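Here's the structure we're looking at; comments come further down.
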2 protein chains.
Amino acid sequence: MESLLSSIKINVNPKVYLKDPESSELGQNIVSNSIILIQELGLEDFNFKKLAKCINSNESSIYRYFENKYKLLQYLSSLYWGILEYRVVIETNSIKDPVKRLFKALKIVTLKPENISSYSSLNQLKLRDIIISEFTKSYHNKHVDSDNDEGNFKIYKRLNLRIAEMIEGINPEYNYPKSLACQMVEGALHQHFMRSHFKTITEHKDDSDVYYFLKNILISVLNIKTNSK
Amino acid sequence: MESLLSSIKINVNPKVYLKDPESSELGQNIVSNSIILIQELGLEDFNFKKLAKCINSNESSIYRYFENKYKLLQYLSSLYWGILEYRVVIETNSIKDPVKRLFKALKIVTLKPENISSYSSLNQLKLRDIIISEFTKSYHNKHVDSDNDEGNFKIYKRLNLRIAEMIEGINPEYNYPKSLACQMVEGALHQHFMRSHFKTITEHKDDSDVYYFLKNILISVLNIKTNSK
DNA sequence: ACAAAATTAATAGTAATACTTTTATGCAGG
DNA sequence: CCTGCATAAAAGTATTACTATTAATTTTGT
């Protein structure tokens, strides 16, 4: 079986798993096939029994890796945000113009990856679908605060803060760089969901509209002079 | 028992319930006490058995009103957005300046109600808490599209469209009035949640910061000249 | 006022889920 | 060859979501 990430390793907080799924063939199968199954069934209809059957393994073996499916979702989310963070770091690295850097970061957060092969296997698109429809469930519950204290959302928050820093660099006068970054990242997910399911309250015809919509907000709010296209 | 709404009646789509809870004492108890219980336990730990016990009734009696707890959540959500829509309509009615009207609408969507007594019983604040932490679960699932087709999110979408119209009225040039409205309404919920649980990626110190943050986005994006405070 | 109809309560039961426990099997390292 | 660990297989428990049955109560029509 192919591993999810071919060239980079995301350091997921050890508290989200019981045993590191990277450490064994079975673990890697659990992760890569859970992406396929969750995307197919949705989180509510997905369970470890079905996953076990799908990888010719056993329910209780999966429980040795993850406490429950919500922890698995937190693991997958960490992978996703980790990949985006990695891309934001290396793909904006060479860009000197801070405005162009921010737009590049927004593009990464908003659009489908163009050159998937260089970062991971094909499942990245399915993982993105999962995040758009399921990420919210990884923190909208009664144990957010303890999960957060354990560091289970560290990568997500770090990505937000990187974007917040870019915003601050462009307009140090602006009062809400962190909230704005956070709103862009969330907006990317939400607008994609609205576009797919609540078409009457959106103008977006494709993914790139979501990008232009959010970019326009950044331009206006941060008072960016846009001479470049 | 007090009824949730003392002076107005929200027309919730009949498809979300099996029997109209407004039509009986028991139904009203189900609704008002579900607000208390869901807010207390969170949606995952809430079930009809516990609710039945809490109102000295029976599990199967509740099933005569709602198919399951997600439909009940859709009912509560409709109530919430219905109350906001009603308030937006009557409280902006007398305001002539379209900019001030939009800000008033944003205030209603973002802030706690000031004069609760005139619209409903005390539970409105708990209902707001529920919407902030649970509303997302009413549509992030595999049957969104059929629920949507049945009209279960009609009131929510109508509120969004009302705000979109105000936006359009202020700046007809702007390309994404619906998406922007949608982003404001979602942003209100999301920013409140972030403020309560992910404090490191937010600047907001209280509810009103969320309002100022979103208002500032509107001012910038719609190019509103702000001479008034 | 009374019979019929509908609602609700009480109880039990079913199917599925989430998770645990136990025991067995196979394989790797010393 | 033995020990230890990872996994597999199977069964078991607790809870949940929901249904069915029957009985008691209330409402309604006449």
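As the structure is a computational prediction, the values presented were derived from the model and not from experiment. These values consider heavy atoms only, across backbone and side chains, with no hydrogens, waters or symmetry-generated copies. Here is the naming used below: chain letters follow the sequence lines, and residue numbers restart at 1 for every chain.
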Please identify each residue that fulfils side-chain hydrogen bond (donor to acceptor under 3.5 Å, both in side chains) with [X], with sequence neighbours left out.
| X | answer |
| --- | --- |
| A:Thr136 | A:His140, B:Thr136 |
| A:Tyr65 | A:Ser24 |
| A:Lys157 | A:Asn148 |

Applying salt bridge (Lys or Arg N to Asp or Glu O under 4.0 Å) as the test, list every pair that has at least one member in residues 33-44 of chain A; sequence neighbours left out. A:Glu44-A:Lys137
So the salt bridge (Lys or Arg N to Asp or Glu O under 4.0 Å) pairs with at least one residue in residues 46-63 of chain A (sequence neighbours excluded) are none
If you pin B:Tyr63 and B:Ser60 to their nearest nucleotides in DNA chain D, which one's is more 5'? B:Tyr63
With sequence neighbours excluded, tell me which residues meet salt bridge (Lys or Arg N to Asp or Glu O under 4.0 Å) with B:Lys104. B:Glu91
Those residues that, when tested against B:Arg158, pass salt bridge (Lys or Arg N to Asp or Glu O under 4.0 Å) (two or more places apart): B:Glu85
To the nearest 0.5 Å, what is the distance between CD1 (B:Ile130) and OG (B:Ser138)? 12.0 Å
NZ (B:Lys71) with more than 12 external heavy atoms under 6.0 Å: yes
Give, ordered by number, those residues of residues 64-74 of chain B having at least one heavy-atom distance below 4.0 Å to an atom of DNA chain C; if nothing qualifies, reply none. B:Arg64, B:Tyr65
Anything under 4.0 Å to a heavy atom of chain A counts; send over the first and last such nucleotide of DNA chain D, read 5' to 3'. D:dA6 to D:dA10
How about A:Phe193 and B:Tyr139: are their ring centroids closer than 6.0 Å? yes
Does anything in residues 44-59 of chain B reach DNA chain D, meaning a heavy atom under 4.0 Å, and if so which residues? B:Asn47, B:Glu59
Along DNA chain C, first and last positions that approach a heavy atom of chain B under 4.0 Å: C:dT7 to C:dT11
Identify the heavy atoms of B:Ile155 and B:Val12 that sit nearest to each other, and give their distance. CD1-CA, 4.5 Å
Considering only residues two or more places apart or on different chains, which pairs with a residue in residues 194-204 of chain B satisfy side chain to side chain donor-acceptor pair (under 3.5 Å)? A:Asp145-B:His197, A:Ser179-B:Thr202, A:Ser179-B:Glu203, A:Ser179-B:His204, B:Gln191-B:His204, B:Arg195-B:Asp207
